[in-house]
Amino acid sequence: MTSVGTRTRWLLPGVILLLAFLQLALLPSVAGGQSLLLYKLLALDSLSLTLGVAWTLALGLIFVAGIARNGPAAPALETIFVGAGLLLVAYSGSGVTLIVGLAVAGVGAWKALRRSRNRGEASFLRNLLIATALLVAAVAFSGVRAFVPPTGGVTEPWNPLVSIAAVVAAMLVARCWPFYYSRGQGSSAGGESRSPILALLCLAAPAVLAKMLVAAPVQPVGTWATVLLGMLALLGGAYAICAEGGGARHAAPALTGIAITGFGLAPASPAAAAGSIWVMLTGLLLVVAGAMGVGSTTMRGGRAFIPVAGLPGVWLISQGALDTGYGVVAALLLPAYALVMLLSPRRTEGTTGTTSGRASAAVLVVAIATAAIVAAYPQALAEWILRPVVGSMAGGVGALQAGASPWEVGLLMRSAQETILAALPATGVAVGVFLAWVALSWLKQVLALLTRRTPDGQSE
Amino acid sequence: MNLFAGFSDWVLALLPRLFFAPGGVCLLLAFALHYTASHYRDSRGTASHNSNRTNPRQLLHAFLRENTPALASAWTATALVPLVGIAPLPFPMDTFSLLSLPILSLAFDVSVGNKKDVDEIGEIVGVLAITVAVLSPALSGKRLLLTGHGDGNPSWVVLGAIVVGLVALTPSAGLGINVAMRWLALGLTGLTLAASFNLGQVTALLAGCFTVGLIVAKLGWSKTALVTACLLAAFALLIQLLLR
């Protein structure tokens, strides 16, 4: 009986993970920057495929974590709702599909919140309803536009009101500051740390803006408002983390703020669009790792790699901000991201359980290793994923020409005049850190032998 | 041209920087700074959890207990600073990349959580204040890669924020070799990027900051210095915003 029960428990995550890999079969259809539109409802391009695969994979791993940690019964129905909704959002071909997808995913997340008796369920439902209403109003105002690049190459930009409505809707769904945070709410009940599905939905919310940019750019007023709201969400999230003395609960909303900021800058800077997609994708590692619990001291040390994977994305947005004259954004992004990165691991012991089981530890190791590889060799992600994804947003974002990547040492940003604007020698730095690490380890071994102590300083 | 030629050039340029100057020298200096600061802390009795780090043998044992990736990140940061008078790296490093390394080092320490909360928060605030100050000149530029190190006209507010931030962080160097190494990395990065100081000037300024930092800590003004550094960083940001 037990083995049958175990098999049944593992069936749904198995199906979800299989679905993630099956989507890769669609890869030939989007090769060469092609995009397909089915009845103005579903669209298939590099952006859709990337988001669809990433979200499904993350959802499957979150489910695996839930089982591996021997927590409460895995919420199968809620997971199916969230998964179906997110797939609809990823492959949405127009605003109608996107709204339906967001609503379905939101209902799934709300049910998951109810199951975990989270005190934030009422506010989440309210946020979801307002966000849906805003998006419906935006579609009614702008008409149903297909999320594909215009055939003629020129299209009418989105009305600023529509773009602002989309940003506010994304912030509401993601529960960014000021739409969720209040000191009396949820600090003990927990939020994203106890509900990774909610954190996943949070990081998926900026896709609303990405989808809009596939079809058309945003007017400068809309850009300004989007950047302002995105920075508000980021700084508010950072403040919330400070106010609570740490904790991972506000990390995902703060990352959402960064992604929104990048999408705001995207019509004038393709690098910013690439940075936003980067933050959305690498943020999923944080969500998956968060679902795995704290783990051993070694694991906790390794978890520091996970937010580091997002640094190239923040770097891209920072240079994008300088390109477009938003210097304040460039000056504040790194410190705000660093604050989130440094304070999120604090107070995690009280809000999440410890890692248990080999499956959970294995997934955590995979997440840490992926983050380390992405941080040390960002060229691969930039060239193989980001360039086609940004290329598929041709209606609102230019081609990512500036982000030329010399494969050996790191990423470079060049202007049209071939002047180097920014340089991130990630692989070179990783080699330096590795060499220093090895040298220090050997030095410690030698000193430990000389002083008759273990390499961690304990007496033998 | 070989595909890996750039990588090979980078490693060949990195090795002497990492193991000799400035990285190797900074590693030795970090031991000295930590030893001095921890000895001072002991005499003040402000860090009881560190009270056994007053002789060279104990210092060695303290090194064995340090978080290796955190120390490695800070050490690499000191090796990569584009100091005036030292041959440049074959691949440039922008302000963002340089400032990321001390933050990464701090992240490794924070994630393991082996420091006392109050010191950890103080260091985070200090590091972020210096980061904001160093990044603030980016407001008036179009790129993260700074050239000419401020073209010989340092922003005195930016420089002030960095110096006061370093002064405020000095007592923390007594907490560990990692912290001392980060202090050096931040100092070298900040002072080099903020103004066109040569190696001698940077060294003199760092020595001055450390000495003043110890005096300020003795007077019990470290927190005041930290707040001042934050205010100066915010002021630097504001000035750059207004001068655009």
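Note on naming: letters A, B, ... go to the chains in the order of the sequence lines (proteins, then strands), and numbering restarts at 1 for each one.
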Interatomic distance, CG@A/L343 vs CD1@B/I124, rounded to 0.5 Å, equals 5.0 Å

Between A/P335 and B/L135 the two heavy atoms that sit nearest each other are CD-CD1, 3.9 Å

Bottom line for A/L333: the part with an atom under 4.5 Å from chain B's heavy atoms is neither

So, the part of A/V314 with a heavy atom under 4.5 Å from chain B: the answer is both

Under a 4.5 Å heavy-atom criterion, the part of residues 226-236 of chain B in contact with chain A comprises none

### Query
Any side-chain heavy-atom pair from A/V429 and B/M93 closer than 4.5 angstrom?
yes

Sorted by chain and number, sequence neighbours left out, ring pair (Phe, Tyr, Trp, His ring centres under 6.0 Å) with B/W183 holds for B/F210

- Would you indicate whether the side-chain heavy atoms of B/L60 and A/L450 approach each other to under 4.5 Å? no

Nearest heavy-atom contact between B/L237 and A/A331 is CD1-CB, 3.6 Å

A/L411 and B/F91 have their tightest heavy-atom pair at O-CZ, 3.8 Å

Taking every heavy atom of A/K444 against every heavy atom of B/R65, the minimum-distance pair comes out as NZ-C, 4.5 Å

The side-chain contact (heavy atoms from CB on, under 4.5 Å) partners of A/A338 (sequence neighbours excluded) come to B/I103, B/L128

Between B/S100 and A/L334 the two heavy atoms that sit nearest each other are OG-CD1, 4.2 Å

Sorted by chain and number, sequence neighbours left out, side chain to side chain donor-acceptor pair (under 3.5 Å) with A/W315 holds for B/D94

Residues B/P92 and A/A423: closest non-hydrogen pair is O-CB, 3.3 Å

